[in-house]
Structures are given as C-alpha cells and as structure tokens.
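What you are looking at is a predicted structure, and each value in this text was computed from that prediction instead of being measured. Heavy atoms only: backbone and side chains are in, while hydrogens, waters and symmetry mates are out.
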Amino acid sequence: MLDTFVECKVDSFWYSAQGKGRYPLYPSKIMPYRDDPNAENLPWLIEQAHERGITVMAWDYLTTAPLLAEEHPDWRVEFLGEESTYYERNGHFVCLASPYGDLLVDYCVEQIRDIGFDGIWFDGCYQRSDADFRWASRSAHMRKAFREATGEDIPETLDFANPVFRRWVRWRGEWWSAYFQSLSERVLAQQPQAVLCFNHFTRLTTGTEVGCALLRTPMQSMMVGEDELRRQQICLQARLLRAMNPSVCPEIWTRFEDTAHVPGPGRSEPDTDALTHFAAACFTAGAHPSFGLAKHPSTSPRALKVIADMAIERARWIQGKPVIAARLLISQASLDFEYPYDKLPRWQACFGYAYLLEDLHCLYGALLEDELEDIASESPIGPPVIIPASPYLPGRVLDNLERFMERGGVVIAFGDSAQFDEFGNTTGESLLSRFIRPTETHQSYPHCMVESSGLQERPDGEEFLVSGQGFTFEAKDVKCLLKGRTQGMLTKKERMKRASKDIANIDQEGAIGMFAVEKSIGEGRLVFISFQPGAAYAKQPHRSTAALIEQLLRPYLKQPLTVEGPLQVIFSAFEMKDGSSAIHLFNRNPRMRTINGLDFCNAGAPAPTGPLIIRTNKPFMEAKVVAGADQLVLGLVEPGEGRIEITSIKEHAVINIHY
C-alpha cells in the first residue's frame with residue numbers, strides 16, 4: 001500500500017486508530033479497549049510511512065465510545081422522543097459535556113504523542129446519532145450546562161412552537177462550536193505540530209437535527225465537509241467552511257469512485273474525469289479535495305496518480321487571500337428555524353443565490369450572521385453585503401447593517417428579511433419596514449412581471465417574467481430602479497370558466513408598482529429588490545432573471561477582476577503573498593448549475609467552451625498559465641491594457657498575474 005502511494009505521489013492518508021465500533025485498536029491508557037489489541041501494528045505502519053515521506057492521520061469518530069458507554073451509562077447521549085428498540089448503536093454515543101469531553105483531549109494527545117500519528121481526522125462532528133432521526137442530546141450533563149447558561153431546562157419534546165426549544169437549538173450549536181475550538185486549542189497546546197480536521201456536516205440535505213451550526217469557529221485546525229456525491233453544492237459549501245474558519249483552507253471529501261464503479265473485467269478503476277472535475281470545483285472554491293478509497297489503493301494506481309498530479313499543480317494557488325467583490329449572507333436560521341417548516345426550499349434558496357452570483361461571474365464570499373458586527377466596524381468599509389430573503393435573523397443584524405451603511409457600505413437585499421428573530425419570535429420591525437417604509441404593497445404569485453428596463457434583445461417597455469415570488473410596493477424618498485406589476489392566481493371557480501391551463505391561471509391585471517429601489521442611508525446605500533429568485537433559480541436557472549440581476553447589481557459590485565464568457569464558466573481569485581493574483585477558471589458541468597442534478601460521478605468532463613475575456617482594473621506585467629496548461633488555449637495577452645483573451649477552456653486552469 002505505501003509503495004503504491006509513493007509511486008502515485010500520495011503524501012498523506014488516514015488510517016483508523018479504532019475499530020468500526022469505535023474502540024481503540026491498541027492498548028490505550030485513556031480509553032477502554034477490547035481484549036485483543038495490537039501494540040505493534042500502528043507504530044510500525046506509521047514508521048514505515050514516515051520513512052517514505054508520507055504522513056498518517058488517525059481517523060476518529062468524535063461522538064462514539066461503546067466500551068466507555070458501558071462503563072458509564074450516565075455519560076450516554078439521550079434523545080428526544082420515544083426510545084428506539086432496534087438500533088444497538090444508539091447506546092454507543094457519549095455526550096461531550098460529560099467527563100468524556102476531557103478524556104477525548106487526552107486520547108487525541110496519546111494517538112499523536114505515543115502512537116505517532118501526525119494528526120486526527122474527526123468524522124461524525126454532528127449531534128444526530130440515531131437511525132430514527134431523533135434529536136440529541138438531553139444527557140444529564142447537557143441539561144446541567146443548558147440550565148447554567150440559560151436558567152431553563154431542555155424540553156422533552158421536539159416543538160418549534162416552544163421558544164425554549166428554539167433557544168436550545170441555537171444554544172447547542174454554539175456549545176458544539178465552542179467545544180471544537182477548545183479541543184483544538186488543548187491538543188495543539190501539547191502537540192503543536194499536529195493537524196486536526198473536523199468534518200462539519202454543512203450539506204444540502206442535512207437539516208437542523210444534525211446540530212451543525214453555521215457559526216464562526218476560528219482555530220488553527222481544518223474545517224472539512226463531504227459532498228455526498230452532490231457536486232452542485234461544493235462551491236458554496238467550501239465558501240461556508242472558509243467563512244467559519246478563515247485560518248486554514250478547508251477540505252471537501254468524496255468517494256474515490258463513480259457510482260457505476262463495480263468490480264469486473266475492463267472496469268478496474270474509477271472515472272478520472274469525474275474525480276478531476278470534483279477536484280477542480282474544490283480548488284476553484286478555495287478548498288482542498290479529499291478522497292476515500294473503497295478498495296485497496298493498488299487497484300487504482302492510474303486514477304490516484306492523475307488526481308495527485310492535478311492536486312500538486314494547483315494546491316499552492318489557493319493559499320492566498322480570496323478576492324471578494326460581494327459577500328452573501330448565510331443565516332444560521334437557514335438550517336435551524338426555517339428548515340423544519342419548509343424542509344428544503346429555504347436552504348435550497350441559499351444555493352440558488354450562489355448559483356446566480358456564479359453565473360454573473362461575481363467574486364463572492366460567504367458571510368455568516370455573527371460576522372456582521374465586525375464588518376460594521378471595519379475600515380476601510382468592505383464589499384457590498386447581499387442578503388437573500390431571510391425571514392429569521394437576530395434583531396442586532398438590522399442594527400449592524402445600519403451602522404455598515406451609515407459608514408458608506410452597500411447592502412443589497414432580496415425580499416423582506418428579519419421578520420422574525422433568531423428564536424422565531426416576531427420582531428415587529430423587518431428590514432422593509434425599518435428602512436423602506438412602504439406606503440402600500442401588493443403580493444405577486446407565482447412570478448413577477450417586470451419592465452424590460454433596457455435589457456438587451458428586449459424592446460423598451462416590454463414585460464417579462466422573473467424567477468421567484470415578490471411584491472410591488474410604493475415608497476417615498478427612494479430612487480426607483482425597476483417597476484412592474486404583480487400576478488395573482490384566479491380562484492378555482494374562475495379557472496374552471498376558462499379553457500387554457502396556463503394563461504387561465506393568471507390574473508392579467510395585477511398591481512403596478514416598484515420592484516427594486518435604492519435608498520441613501522448615511523454615507524451608504526440600500527438596494528432593495530422585492531422578488532426572491534433563489535429557490536426558483538436553484539431548480540431552473542432563468543437567463544432573463546440573471547440578466548436583470550446583473551443589470552441591477554453592476555453599479556454596486558466593484559470587482560478588481562472581471563470575466564466575460566459563458567455562464568457555465570466560474571472563476572475565483574486569490575491574492576498571493578508576493579502581490580500577484582492567482583485566477584482559477586472552472587468549466588463546470590452544466591448540471592452543477594442546479595440542485596436537481598445529483599449524479600455527477602458519471603458525467604465526465606464537460607465540453608470545451610469559450611471564448612473568455614479576463615480584465616484587471618490595472619495594467620499588469622505578466623500573465624502566465626501555471627496549472628492546467630493542457631486545459632486552456634490562451635489567446636491574446638495585453639498587459640498594458642489589463643486584458644487576457646482565452647480562446648477556449650476544457651475544464652480547469654490557473655493563471656498567475658504579476659502587476
């Protein structure tokens with residue numbers, strides 16, 4: 001195995017220090033172990049790897065310790081709901097608020113100091129630990145911690161109508177984030193050279209029951225995630241992880257196989273196109289790719305080498321500071337209070353706004369709600385903040401946004417946000433009522449009809465549909481950016497009177513009014529757009545919607561680098577330590593533009609596309625392809641004009657620009 005890794009240029013891998021049931025495979029001084037541990041195997045394997053220049057990470061499951069749970073039943077995780085009768089593993093989970101939380105620190109140090117591992121890759125950094133999807137944890141230790149922090153008891157039933165339950169949902173996420181940080185600090189204090197990785201379950205289909213809060217968790221350890229074979233979530237997922245912990249570049253894991261990879265003659269290795277496509281998406285978003293092998297590495301030497309060669313060529317070019325022209329606010333409530341009610345649409349909408357910004361070739365980064373206080377005080381004032389329609393936001397968010405705008409910041413808000421606070425209570429003052437103060441509103445369903453506003457290929461005055469529900473409104477002291485009219489559904493009785501299945505369902509009259517306005521607030525501005533394209537755009541991108549949003553956002557997005565080209569090509573840029581810029585270009589599979597396409601493992605590489613034009617806001621001295629030279633046809637380079645013309649791109653490339 002190790003010789004295969006050397007041959008394929010693989011320089012790091014995980015290896016489990018405990019069995020599948022989560023008990024040590026060696027005679028631990030910290031954790032109980034079975035009667036048949038082997039004291040020699042792991043140190044020997046690590047020694048052999050180190051002699052070959054390969055580092056070894058211990059794979060560990062953060063929340064299970066079955067033998068310890070048998071010794072200390074009161075340390076076990078407790079779940080909300082009726083007791084499960086068929087899933088033995090439920091009794092294996094131990095609560096980190098119990099003494100186990102301290103033991104785990106000592107166990108980590110033991111694996112690194114005494115056994116010789118170079119670090120630990122923590123899987124299972126989540127709180128749902130039950131086949132019945134019951135919520136955790138109500139252990140006596142967690143109940144005590146919650147009571148000390150809030151003066152209240154953890155509810156016994158799942159009830160989002162209960163304000164105490166909602167408070168507990170938020171509190172337990174904050175508790176877990178604090179534990180990750182504490183574990184990292186305490187282990188690194190004793191083993192400074194160690195590498196710790198925490199698998200955070202920020203997945204498209206993972207809900208609030210998992211308890212992975214979208215909170216800043218700054219530490220000198222790596223935040224990692226999994227794509228679950230849903231490649232369309234990678235770019236936003238990586239940016240979220242980077243926002244949570246900007247100290248270390250994140251990592252995204254996937255299986256080292258495509259879904260049709262089955263043993264048999266002529267099918268010995270997975271599809272390298274699918275694997276490199278995944279890796280390209282990760283690097284473009286600013287994350288390292290990571291792979292799990294289902295078979296012995298000697299069965300896939302060619303695929304391993306292809307991936308290693310690509311990673312070696314590109315990894316250094318994401319180590320700089322991301323260039324950001326806009327910040328997309330992702331509320332923690334996207335996975336908490338909103339999620340249980342509409343299950344997926346609100347979380348899907350977050351991805352829809354991300355896809356929209358990618359289609360507009362916008363250099364965007366994720367912004368978490370607990371960062372707003374920082375950006376309200378930053379100097380100089382930073383890039384615009386884009387708020388997807390987020391009904392659930394803490395009240396302090398509006399205060400921080402106002403401070404940000406008064407100091408010269410720009411806020412671009414879609415839909416009416418902050419109608420409820422972080423605990424689900426009505427605020428009485430939403431973003432719309434606080435800053436716009438409309439004199440009247442008219443709801444539109446299911447789409448909005450807007451004026452062309454000079455859009456190309458549309459005669460002035462022509463109306464067209466845009467993705468997403470919205471409303472027209474009237475307001476004073478604002479600059480109107482976009483007008484249109486509402487659509488309303490006819491009653492069932494009225495529909496029965498008409499023969500058409502489409503036009504008959506639409507109220508052709510509607511209420512004419514404003515759909516988008518600009519308002520000066522202090523030295524800054526608020527751009528308010530009433531319609532909400534996120535969820536609709538996530539499922540079916542709408543070219544007219546993208547063109548309209550681009551027209552509305554163009555005056556406010558001051559990008560130091562711009563790309564003109566096909567929608568499926570996305571890009572990112574990083575400021576390197578030497579002052580140069582690294583530009584990543586990625587020709588994604590078109591199915592990655594929606595949340596509907598799930599199986600990208602067999603999709604293969606997308607067809608080459610182009611042309612593309614890269615423009616910088618200042619002249620440069622040199623621009624050269626530093627990764628993926630065989631993937632890109634470089635046309636005209638005009639340093640004095642800050643312009644690079646690319647004839648075509650196959651999949652992924654990196655261009656380094658020196659100013």
Side-chain angles (χ1 to χ4, degrees), residues 1-14 49 52-55 57 224 226-231 234-235 238 249 251-319 569-570 572 582 584-589 591-592 599-609 625-633 648-655:
M1 177 181 73
L2 295 176
D3 290 339
T4 300
F5 283 159
V6 171
E7 177 186 352
C8 298
K9 302 179 183 179
V10 175
D11 58 11
S12 183
F13 72 104
W14 321 334
R52 293 166 172 80
I54 298 174
T55 58
M57 302 282 289
V224 302
E226 298 182 17
D227 84 329
E228 278 192 327
L229 302 181
R230 289 175 169 82
R231 303 287 155 82
I234 295 172
C235 291
C249 289
E251 170 187 296
I252 307 291
W253 179 92
T254 195
R255 302 171 192 170
F256 195 78
E257 58 186 9
D258 55 285
T259 52
H261 182 205
V262 293
R267 185 105 180 125
S268 60
E269 296 201 38
D271 177 9
T272 55
D273 280 346
L275 297 176
T276 54
H277 197 68
F278 164 81
C282 289
F283 282 123
T284 304
H288 296 282
S290 175
F291 301 91
L293 275 69
K295 299 193 298 182
H296 194 279
S298 63
T299 63
S300 304
R302 182 180 65 85
L304 277 172
K305 192 172 186 310
V306 168
I307 293 298
D309 286 342
M310 179 194 186
I312 291 170
E313 187 182 36
R314 289 163 172 76
R316 60 167 292 202
W317 301 106
I318 63 170
Q319 301 303 318
V569 177
I570 64 176
S572 61
H584 292 246
L585 297 166
F586 176 44
N587 177 21
R588 59 183 164 176
N589 188 297
R591 292 179 67 189
M592 286 183 71
D599 179 15
F600 295 106
C601 295
N602 299 314
T609 189
V625 182
V626 292
D630 59 331
Q631 296 279 310
L632 181 145
V633 178
S648 69
I649 179 173
K650 292 182 181 178
E651 184 172 359
H652 183 266
V654 182
I655 297 176

Taking the side chain as every heavy atom from C-beta outward, state whether [X] and [Y] have any atom pair closer than 4.5 Å.
X: Val10; Y: Ile54; answer: no
X: Val224; Y: Ser290; answer: no
X: Thr254; Y: Phe291; answer: yes
X: Val306; Y: Met310; answer: no
X: Arg588; Y: Pro606; answer: no
X: Lys9; Y: Asp309; answer: yes
X: Phe13; Y: Leu2; answer: yes

Between [X] and [Y], which heavy-atom pair has the shortest distance, and what is it?
X: His277; Y: Asn589; answer: NE2-N, 3.0 Å
X: Ala315; Y: Phe283; answer: CA-CE2, 3.6 Å
X: Cys8; Y: Pro301; answer: SG-O, 3.3 Å
X: Gly628; Y: Ala653; answer: O-CB, 3.8 Å
X: His288; Y: Cys282; answer: C-CB, 4.2 Å

Quick check for you: to the nearest 0.5 Å, what is the distance between [X] atom [atom1] and [Y] atom [atom2]?
X: Thr4; Y: Leu304; atom1: OG1; atom2: CG; value: 8.0 Å
X: Leu585; Y: Ile649; atom1: CG; atom2: CD1; value: 5.0 Å
X: Ile234; Y: Asp227; atom1: CD1; atom2: CG; value: 5.0 Å
X: Phe256; Y: Thr272; atom1: CZ; atom2: OG1; value: 9.0 Å
X: Ser12; Y: Met57; atom1: OG; atom2: CE; value: 6.5 Å

- Task: Test Ile307 against Thr276 for side-chain contact (heavy atoms from CB on, under 4.5 Å), laying out the working first.
- Result: CA-CA 6 Å; Ile307 293 298; Thr276 54; 3.7 Å; yes
Short question: side chain of [X], backbone of [Y] - any donor-acceptor pair under 3.5 Å?
X: Glu651; Y: Gln631; result: no
X: Asp11; Y: Gly53; result: no
X: Ser300; Y: Pro297; result: no

- Out of Arg314, His652, His584, which residue meets the side chain to side chain donor-acceptor pair (under 3.5 Å) rule with Thr284?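 Going through the options one by one, the only one that passes is His652.
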